[in-house]
Amino acid sequence: MEGKVALVTGGATGIGKAICIQLCHNRCKVAVCDMNEEVGRQTVKELNSQGGEAIFIKVDVTKSEEVQNMVKSVIDKFGRIDYAVNNAGVGGSLSKTENYSESLFDNIMDINLKGVFLCLKYQLKQMVAQGGKGCSIVNTSSISGLSAYRMNSPYSASKFGVVGLTKSTAIEYARMGIRVNCVCPTFTQTAMLPDDKKLQENLIERVPLHRLGTPDDVANAVMFLLSEQSSFITGVALPLCGGLSA
Ligand code: NAI
C-alpha cells in the first residue's frame, strides 16, 4: 500500500480515525475528510506527528459541490486517488417507525445514503480518468444493512441502501479494474454507541464472540479490502459482527 493516496470520509473520529491511522502505518498519503474541522485538524496533527503524510479537508458529504471540491483538493495535493473509504455517517435515534420524525428520516438518508452516492459519483469519475486499475473503494454499511433490527428503521434502510450502491457500482466498474466493497460492523466502541452500561452488556450477550467491536476490528478489514490481497473480491458486504449474523 506504500505511496498510495487514500481519502477517508468521517475520518476525524471513531472508525474513520482508526482507518486513517492504519493507512498512515501502511505509508499511504491520507486525506482526512470530515465536517468536524476542529477534531479533524487535531487528528491530522496526530497522524503527522507520528510520521504520517495526512491533510485535512472540510466536507459535508450531503453537499454535491463540497464533495466535488473534496475530490479536487485531493487531486491538487496528491495528484490521484487510489483508495476511498466512504465512512461518514450518523446513528439516528431509537424509536418506533410511527414515532420517527420525517426530518430525522431525511437527515439520516442524506448523510448515510446520499452522502455515499455523491462520494462514489465523483471518486469514480476521477478513478476512471486516471485509468482505474488498482483503485479500491470501501463503504461503511452496518450489520443493520444486512438484517433487521428493531427501533431504527430509517438507519437500517440507509445502510441496506449502501449495500445496494456497493453491489451495483462494483459490477459497473469491475471491468475497469476498480473494486467496490462494503463493511457491515456490529456495535462498535465509538461515540455513536449509546453510553449505557446495561444496554452494552445486553449487546455483548447477543454476540457469539462475546464482545463489542473495536474501531481497529473495522480498520483491519478495510485495509484488507483496499489492498491487493483482496484483488479477486468485489461487490461484497462483509459482516464484522463476532458471529452475530451467522
Ligand atoms: P463517529 O460519530 O465516531 O464518526 C462519524 C464521523 O462522521 C464523525 O467524525 C462525523 O463528524 C462525521 N460526519 C457525520 N456527518 C457528516 C457529514 N454530513 N459530512 C462529513 N462528515 C460527517 O461514529 P463511528 O461509529 O465511527 O461511525 C462511522 C461509520 O460506521 C458510520 O457510517 C456508522 O453508521 C458506521 N457504523 C457504526 C457502528 C457503531 O456501532 N459505532 C456500527 C455499524 C456501522
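Counting starts at 1 for both ligands and their atoms, in listed order.
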- Does any N or O in the side chain of N152 come within less than 3.5 Å of the main-chain N or O of G92, such that one atom is a donor and the other an acceptor? no

- Item | Main-chain N/O of P215 paired with T188 side-chain donor or acceptor, under 3.5 Å | no

- Item | Single-linkage hydrophobic cluster, 4.5 Å side-chain cutoff, I171 and Y173 together | no

- Show which atoms of ligand 1 fall inside a sub-4.0 Å distance from at least one heavy-atom site of G14. 3 (O), 26 (O)

- Indicate whether the side chain of T140 and that of N87 have a donor and an acceptor atom separated by less than 3.5 Å. yes

- Any idea which part of N112 is under 4.0 Å from ligand 1, heavy-atom wise: side chain, backbone, both or neither? neither

- Query: Which atoms of ligand 1 sit under 4.0 Å from any heavy atom of S141?
  - Reply: 44 (C)

- Task: Report yes or no: does D217 contribute a side-chain atom to a donor-acceptor pair with the main-chain N or O of T214 at less than 3.5 Å?
- Result: yes

- Between V90 and V59, is there a shared hydrophobic cluster once you connect ILVMFWY residues whose side-chain heavy atoms come closer than 4.5 Å? yes

- Query: Which residue supplies the protein heavy atom nearest to atom 34 (O) of ligand 1, what is that atom called, and how far is it?
  - Reply: Y155 OH, 2.8 Å

- Please work out whether any backbone atom (N, CA, C, O) or any side-chain heavy atom from C-beta onward of I111 is under 4.0 Å from ligand 1, and answer side chain, backbone, both or neither. side chain

- Number the atoms of ligand 1 from 1 as they appear, then name those within less than 4.0 Å of a heavy atom of V59, with their elements. 19 (N), 20 (C)

- Note on the structure: atom 7 (O) of ligand 1: closest protein heavy atom, distance to 0.1 Å, is G10 CA, 3.5 Å

- Message: Nearest 0.5 angstrom please: R179 CZ to T169 OG1, how far?
- Response: 12.5 Å

- Option of least heavy-atom distance to atom 31 (C) of ligand 1 (set: N36, V8, N87, T9): N87

- Query: Any salt bridge between R27 and E53, counting N to O under 4.0 Å?
  - Reply: no

- Any N or O of F187 closer than 3.5 Å to N or O of ligand 1: no

- C184 and ligand 1 - part of the residue with a heavy-atom distance under 4.0 Å: neither

- ligand 1 contact by K159, heavy-atom criterion under 4.0 angstrom: yes

- Task: Please answer: with hydrophobic residues joined when any side-chain heavy atoms are less than 4.5 Å apart, are L240 and L23 in the same cluster?
- Result: yes

- V85 reachable from M127 in the ILVMFWY side-chain graph, under 4.5 Å edges: no

- Test item, D110 contacting ligand 1 (heavy atom, 4.0 angstrom): no

- Of all protein heavy atoms, the one nearest atom 9 (O) of ligand 1 is D34 OD2, 2.7 Å

- Decide, yes or no, whether a salt bridge links R41 with E37 under the criterion of side-chain N to carboxylate O below 4.0 Å. yes

- Passes salt bridge (Lys or Arg N to Asp or Glu O under 4.0 Å), D216 versus K17? Steps please. CA-CA 9 Å; D216 270 329; K17 182 177 177 181; over 6 Å; no

- Has P185 got any heavy atom lying under 4.0 angstrom from an atom of ligand 1? yes

- Query: Can you tell me the protein heavy atom closest to atom 3 (O) of ligand 1 and the distance?
  - Reply: T13 OG1, 3.1 Å

- Identify the protein heavy atom lying closest to atom 24 (P) of ligand 1, giving its residue, its atom name and the separation to 0.1 Å. T190 OG1, 3.6 Å

- Give the atoms of ligand 1, by number and element, whose distance to some non-hydrogen atom of I15 is under 4.0 Å. 25 (O), 26 (O), 30 (O), 37 (C)

- Task: Could you tell me whether ligand 1 has any atom less than 4.0 Å away from a heavy atom of S144?
- Result: no

- Do NZ/NE/NH1/NH2 and the carboxylate oxygens of D82 and K29 come within less than 4.0 Å? no

- heavy-atom search around atom 30 (O) of ligand 1 in the protein gives T140 CG2, 3.3 Å

- Heavy atom of the protein closest to atom 18 (N) of ligand 1 (residue, atom name, distance): D60 OD1, 3.0 Å

- Message: Starting from atom 13 (N) of ligand 1, what is the nearest protein heavy atom, named by residue and atom, and what distance separates them?
- Response: A88 CB, 4.0 Å

- Message: Does ligand 1 come near enough to V90 that some N or O of the ligand is less than 3.5 Å from an N or O of the residue?
- Response: no

